[in-house]
Amino acid sequence: MNSQKPTRNLALELVRVTEAAALSAGRLMGRGEKEVADKAAVDAMRLVLNSINMDALIVIGEGEKDEAPMLFNGEKVGTGKPPLVDLAVDPIDGTRPLANGFLNSIATVAIAPRGTMFDPGPFVYMDKIAVGPKAKGLINIEAPLQENLEKIALSENKSLNDLTVIILQRPRHDELIREVREIGARIRLIPDGDVAGALMTCLPESGIDALLGIGGTPEGILAACAIRAMGGELQGKLFIRNEEEKKLGLKMGYSLDKVITMDDMVSSNDVFFAATGITDGELLGGVRYTGHGAETESLVIRGRTGTVRWINAKHNFDKLNPISEIEY
């Protein structure tokens with residue numbers, strides 16, 4: 001009999017991090033203050049991260065591209081005790097939806113063993129394709145779009161007309177949207193939040209079969225951690241914004257034309273992922289405030305076992321605030 005003792009599930013500790021970020025930022029929904037909300041989420045996230053027994057190096061931080069408050073790349077968090085891990089954070093994936101009171105804003109974090117997480121360096125964006133477990137091994141980001149969509153449809157036993165693709169609504173995707181429409185697939189356009197969009201490809205009940213298009217590299221690495229654990233696949237290619245970014249990338253030794261596989265993004269199965277809804281969305285419900293606290297909904301994933309948990313929590317501010325360094 002091949003058995004071993006259960007090992008520590010860090011994802012169940014990480015969910016406290018995303019819950020804290022969501023609770024702190026949730027009060028700012030619709031108030032038009034992106035940076036204030038980002039700072040609230042960052043401060044809460046850092047506080048709880050530093051209480052967890054781990055020696056974590058932030059490989060994927062959020063905020064550099066718009067000079068927002070951030071947990072910066074290279075920052076060490078945790079108590080400094082083992083295990084040694086890489087950390088990817090996005091205190092608010094969807095600051096714009098949160099600031100405007102729209103859907104699909106979440107707080108998210110992922111960890112993997114030290115040295116196993118891809119560092120995108122100066123590259124802020126990547127072109128992505130994500131699919132669920134049935135289409136794993138069938139896609140190729142460099143293949144013609146119709147070929148990829150036909151293979152995804154075949155894996156799902158669907159016609160192309162029944163396939164649903166999720167795409168960020170951006171001017172840069174006008175040609176992609178036109179091509180998908182010409183092929184005949186259905187499209188779900190989202191204003192922000194492609195971490196949630198990518199994860200939905202691995203959840204059959206979401207009705208999403210694939211994610212396509214250019215989004216943030218931090219969001220790509222975060223999504224790859226979760227999708228790897230859930231058995232799906234994500235591929236990417238660095239998206240070069242300008243000549244300066246290209247020169248810097250080449251100087252740092254990046255291969256600009258390389259397909260970045262899921263194994264490149266995170267090379268270990270021992271990954272942990274947590275996300276908590278801030279505003280309501282298709283993936284997670286948002287923070288709901290009650291008379292003396294709030295309720296949150298979170299998604300918690302462990303790579304080694306493939307376990308996916310949905311956690312509904314009730315938070316009592318009368319008890320939390322007297323013992324917390326931040327006010328909820």
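The figures that follow rest on heavy atoms only: side chains count, while hydrogens, waters and symmetry mates do not.
Asp162 contributes no side-chain N or O that, together with a main-chain N or O of Lys158, makes up a donor-acceptor pair within less than 3.5 Å. Under the 3.5 Å distance criterion, the side-chain polar atoms of Glu150 are left unmatched by any main-chain donor or acceptor of Leu160. Under the 3.5 Å distance criterion, the side-chain polar atoms of Asp38 are left unmatched by any main-chain donor or acceptor of Lys34. Between the Ser105 side chain and the Gly94 main chain, a donor and an acceptor come within less than 3.5 Å of each other. Checked by atom type and distance alone, the side chain of Asp86 pairs as donor or acceptor with a backbone atom of Met117 at under 3.5 Å. Side-chain N or O atoms of Asp127 include none that pairs as donor or acceptor with a backbone N or O of Lys237 at under 3.5 Å. With hydrogens and angles ignored, the 3.5 Å screen pairs a side-chain donor or acceptor of Arg172 with a backbone N or O of Ile214. Panel note: side chain Arg188, backbone Ile166; no donor-acceptor pair is recorded below 3.5 Å. Using a distance-only test at 3.5 Å, with no hydrogens or angles considered, no donor-acceptor pair links the side chain of Arg309 to the main chain of Ile301. With hydrogens and angles disregarded, no donor-acceptor distance shorter than 3.5 Å links the side chain of Thr95 to the backbone of Ile92.
A 4.5 Å side-chain heavy-atom check between Leu23 and His315 finds at least one atom pair inside the cut-off. Put simply, the side chain of Met265 does not reach to within 4.5 Å of the side chain of Asp263, judged on heavy atoms.
Counted by atom type alone, Arg186 and Asn161 present zero donor-acceptor pairs between their side chains at under 3.5 Å. Side-chain contact check for Asp90 and Thr108: no donor-acceptor pair (N or O, by modelled atom type) lies under 3.5 Å. Between the side chains of Thr276 and Thr18, at least one donor-acceptor pair of N or O atoms lies under 3.5 Å.
In the hydrophobic clustering of this structure, Ile129 groups with Leu189; members are Ile, Leu, Val, Met, Phe, Trp, Tyr whose side-chain heavy atoms approach within less than 4.5 Å, directly or through other members. Transitive grouping of hydrophobic side chains (ILVMFWY, heavy atoms separated by less than 4.5 Å) keeps Leu238 and Val259 in distinct clusters. Side-chain heavy atoms closer than 4.5 Å link hydrophobic residues (I, L, V, M, F, W, Y) into clusters, and following such links, possibly through other members, connects Ile177 to Ile152. Hydrophobic clustering keeps Val15 apart from Leu87 (ILVMFWY residues linked when any side-chain heavy atoms are closer than 4.5 Å, directly or through intermediates). Cluster annotation: Met54 is connected to Val48 through the hydrophobic network of ILVMFWY side chains, with a link wherever side-chain heavy atoms come within less than 4.5 Å.
For the pair Lys247 and Glu243, the salt-bridge criterion is not met [side-chain N within less than 4.0 Å of a carboxylate O]. Under a 4.0 Å N-O distance rule, the pair Glu175/Arg178 qualifies as a salt bridge. Lys134 and Asp209 are not joined by a salt bridge, as no carboxylate oxygen comes within less than 4.0 angstrom of a charged side-chain nitrogen. Ion pairing of Arg228 with Glu233 is absent here, as no side-chain N (NZ or NE/NH1/NH2) approaches a carboxylate O to less than 4.0 Å. Between Glu297 and Arg288 there is no salt bridge, since none of the side-chain N atoms of the basic residue sits less than 4.0 Å from a carboxylate O of the acidic one. The pair Asp194-Lys128 counts as a salt bridge, with a side-chain nitrogen and a carboxylate oxygen less than 4.0 angstrom apart. With respect to the salt-bridge test (charged N to carboxylate O, under 4.0 angstrom), the residues Arg302 and Asp270 do not qualify.
Among Ile260, Ile60, Asn73, the one residue that satisfies the side chain to side chain contact (heavy atoms under 4.5 Å, CB included) test with Pro120 is Ile60.
To the nearest 0.5 Å, atom CD1 of residue Ile240 and atom CG of residue Leu250 are 8.0 Å apart. Remark: Leu10 CG to Phe272 CZ distance equals 5.0 Å, nearest 0.5 Å. Atoms NE2 and CG, from His292 and Leu320 in turn, are 14.0 Å apart once rounded to the nearest 0.5 Å. Distance check, rounded to the nearest 0.5 Å: CZ of Arg16 to CD1 of Ile311 gives 12.0 Å. Rounded to the nearest 0.5 angstrom, Met200 CE and Ile190 CD1 are separated by 6.0 Å. Taken to the nearest 0.5 Å, the OG1 atom of Thr279 stands 6.5 Å off from the CG atom of Asn104.
In terms of heavy atoms, Ala22 sits closest to Ala107 at N-CB, 4.3 Å. Nearest heavy-atom pair across Gly286 and Asp280 is N-OD1, 2.7 Å.
When the side chain to side chain contact (heavy atoms under 4.5 Å, CB included) test is applied to Leu47, the partners found at least two apart in sequence or on another chain are Ser324, Glu325, Ile326.
Within 6.0 Å of the CD atom in Glu244, the count of heavy atoms belonging to other residues, nucleotides or ligands does not exceed 12. Sparse packing is recorded around CE of Met29, with 12 or fewer heavy atoms of other residues, nucleotides or ligands lying under 6.0 Å away. Residue Lys246 qualifies as open at atom NZ: its count of foreign heavy atoms under 6.0 Å is 12 or below. The environment of Asp318 atom CG is dense: over 12 non-hydrogen atoms of other residues, nucleotides or ligands sit within 6.0 angstrom. Summarising the local packing, NZ of Lys258 is surrounded by more than 12 heavy atoms from other residues, nucleotides or ligands at distances under 6.0 Å.
For Phe123 and Tyr254, the ring centers are positioned less than 6.0 Å apart.
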Problem - salt bridge (charged side-chain N to carboxylate O under 4.0 Å, His left out) evaluation trace for Lys151 with Glu147 - result: CA-CA 6 Å; Lys151 288 182 176 180; Glu147 182 180 318; 3.5 Å; yes

